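First up is the structure itself, then whatever we jot down about it.
Keep in mind it's a predicted model, so treat the numbers as computed, not measured.
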Amino acid sequence: NSKMPYAQTISANIYKLEALINASHQTVIVPVVPIKNATAENCYPNVDEKVKASGGRKRHGWAIFENEMMVEGQHHAVWQDELGQLVDITPNRHGVKNILFIPDERIEYTGQVIDNVRVNITTNKVVDDLIRLAEMYDTIMANGTRIDDRHVTFGEKEGRLVAKYQQLAELTANFIHNGNSEINRCFCSSGLYYSHCHGWVLKDQIRADLALLERRSISLASFCGVRR
């Protein structure tokens, strides 16, 4: 689940995510009206229960999050009433009253993890590497064993990779927040410029680690032919 704030304004940055997702629907503003007994971060069964109780239908799509570096789409389900109005009936940790949502029925949740979709909204190429790290983290999480909605356990191999990529993502995010780009000295204190250090080896490192994992999640690119 995304740790970023919910996007609240439809802007040029949101249009960039729309273009990447390439759904047949545009972004809409959906009110958040949690139902009784609904649990946070558990939208699919929440909506199933609402449909059973009140009719209407489940609508799949992407909830949108945004910070100063990227816009992120997280697969999500909302309820559509019999008049066609969309309502997010799942409580969220930020307490926002509305979310931005891109309806998209191409991918339906069936129990398999669906990767988030992210787009760089800056001119800093290091943000692209941060996105690659986030995508790798998604893949590792999908290789864990889900205990409940909030807890995942890992084998020794996956546990090492989780720790590794959490650290790399934190170092990279701090590097960006401190005003650095690919032309600055790398965060690892090698003395090399980022573009000739971690910016150079990261893709090969991710490729090698991916070979150690099973592909257990669904990506928009693999399912819908979307290319970054």
Side-chain angles (χ1 to χ4, degrees), residues 1-7 14 16-28 30 32 38-51 57-67 70-80 86-94 99-120 130-154 158 161-162 165-166 169 206 209-210 213-228:
N1 292 294
S2 180
K3 295 181 173 61
M4 290 165 49
Y6 282 91
I14 304 303
K16 291 179 182 179
L17 183 68
E18 279 187 0
L20 179 61
I21 291 175
N22 196 29
S24 58
H25 296 278
Q26 296 179 322
T27 303
V28 293
V30 177
V32 179
T39 54
E41 301 177 357
N42 209 19
C43 61
Y44 307 110
N46 289 341
V47 177
D48 288 339
E49 289 302 315
K50 179 63 175 177
V51 171
R57 60 176 290 208
K58 180 196 290 183
R59 292 296 304 274
H60 295 93
W62 306 90
I64 305 177
F65 301 79
E66 182 177 16
N67 63 18
M70 69 182 77
V71 175
E72 180 175 53
Q74 177 179 294
H75 200 262
H76 190 59
V78 300
W79 178 61
Q80 179 177 298
L86 301 180
V87 183
D88 188 6
I89 52 90
T90 298
N92 61 72
R93 65 184 179 280
H94 296 286
I99 66 166
L100 300 187
F101 182 74
I102 303 175
D104 184 2
E105 296 296 338
R106 292 173 297 173
I107 303 178
E108 181 176 348
Y109 180 75
T110 59
Q112 192 172 6
V113 173
I114 300 169
D115 293 343
N116 290 5
V117 183
R118 304 169 178 90
V119 62
N120 183 355
L130 184 61
I131 289 173
R132 292 186 184 97
L133 291 168
E135 291 170 344
M136 180 62 180
Y137 184 78
D138 287 347
T139 301
I140 301 167
M141 292 297 290
N143 273 258
T145 300
R146 193 178 185 89
I147 302 301
D148 55 32
D149 295 328
R150 297 176 180 272
H151 300 93
V152 178
T153 61
F154 299 98
E158 292 83 3
L161 289 175
V162 165
Y165 282 92
Q166 280 180 327
I206 289 175
D209 287 337
L210 275 173
L213 299 169
E214 295 180 43
R215 183 73 195 189
R216 295 183 181 175
S217 60
I218 299 173
S219 70
L220 185 66
S222 64
F223 195 89
C224 302
V226 173
R227 296 186 180 275
R228 183 174 296 282

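Side-chain contact between Y6 and L100 is absent, with no heavy atoms from C-beta onward closer than 4.5 Å. For the pair K50 and K58, the minimum side-chain heavy-atom distance is 4.5 Å or more. When side chains are defined from C-beta on, C43 does not count as touching V78, because their heavy atoms never get closer than 4.5 Å.
For the residue pair L17 and G73, the shortest heavy atom distance occurs at CD2-N, 3.8 Å. Nearest heavy atom pair, residue V117 against residue L20, reads CG1-CD2, 3.4 Å. Contact between T39 and P91 at its shortest, heavy atoms only, is C-CG, 3.9 Å. Contact between F154 and I140 at its shortest, heavy atoms only, is CE2-O, 3.6 Å. Between I102 and A23, the shortest heavy-atom distance links the atoms CG2-CB, 4.0 Å. Taking all atoms of both residues into account, the shortest heavy-atom contact from V30 to D88 is CG1-N, 3.4 Å.
Distance CG/L210 to CD/E135: 10.0 Å, rounded to 0.5 Å. Considering CG of D48 and CH2 of W79, their distance stands at 13.5 Å, rounded to 0.5 Å. Atom CD of E158 is separated from atom CG of L213 by 6.0 Å, given to the nearest 0.5 angstrom. We find the CZ-CD distance between R118 and E72 to be 4.0 Å, quoted to the nearest 0.5 Å. Interatomic distance, CG of N46 versus CD1 of I89, reported as 4.5 Å (0.5 Å rounding). A distance of 10.0 Å separates OG1 of T27 from CZ of F101, quoted to the nearest 0.5 Å.
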message: One pair to check against side-chain contact (heavy atoms from CB on, under 4.5 Å): M70 and N120. What are the steps and the verdict?
response: CA-CA 5 Å; M70 69 182 77; N120 183 355; 5.7 Å; no
task: List the steps and the verdict of side-chain contact (heavy atoms from CB on, under 4.5 Å) for W62 and H76.
output: CA-CA 5 Å; W62 306 90; H76 190 59; over 6 Å; no
message: Apply side-chain contact (heavy atoms from CB on, under 4.5 Å) to residues I64 and I99 and explain how you reach the verdict.
response: CA-CA 7 Å; I64 305 177; I99 66 166; over 6 Å; no
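Side chains of H60 and E108: no donor on one and acceptor on the other come within 3.5 Å.
A salt bridge does not link D104 to R59: none of the charged nitrogens lies less than 4.0 Å from a carboxylate oxygen. Taking the charged nitrogens against the carboxylate oxygens, E41 and R93 do have a contact shorter than 4.0 Å, which makes a salt bridge.
Ring-centre distance between Y137 and Y165: not below the 6.0 Å cut-off.
Within a 6.0 Å sphere centred on CD of Q26, other residues, nucleotides and ligands contribute 12 heavy atoms or fewer.
For Y44, the side-chain hydrogen bond (donor to acceptor under 3.5 Å, both in side chains) criterion is met by H75, not counting sequence neighbours.
When atom types are taken as modelled, the side chain of D138 and the backbone of M141 share no donor-acceptor pair closer than 3.5 angstrom.
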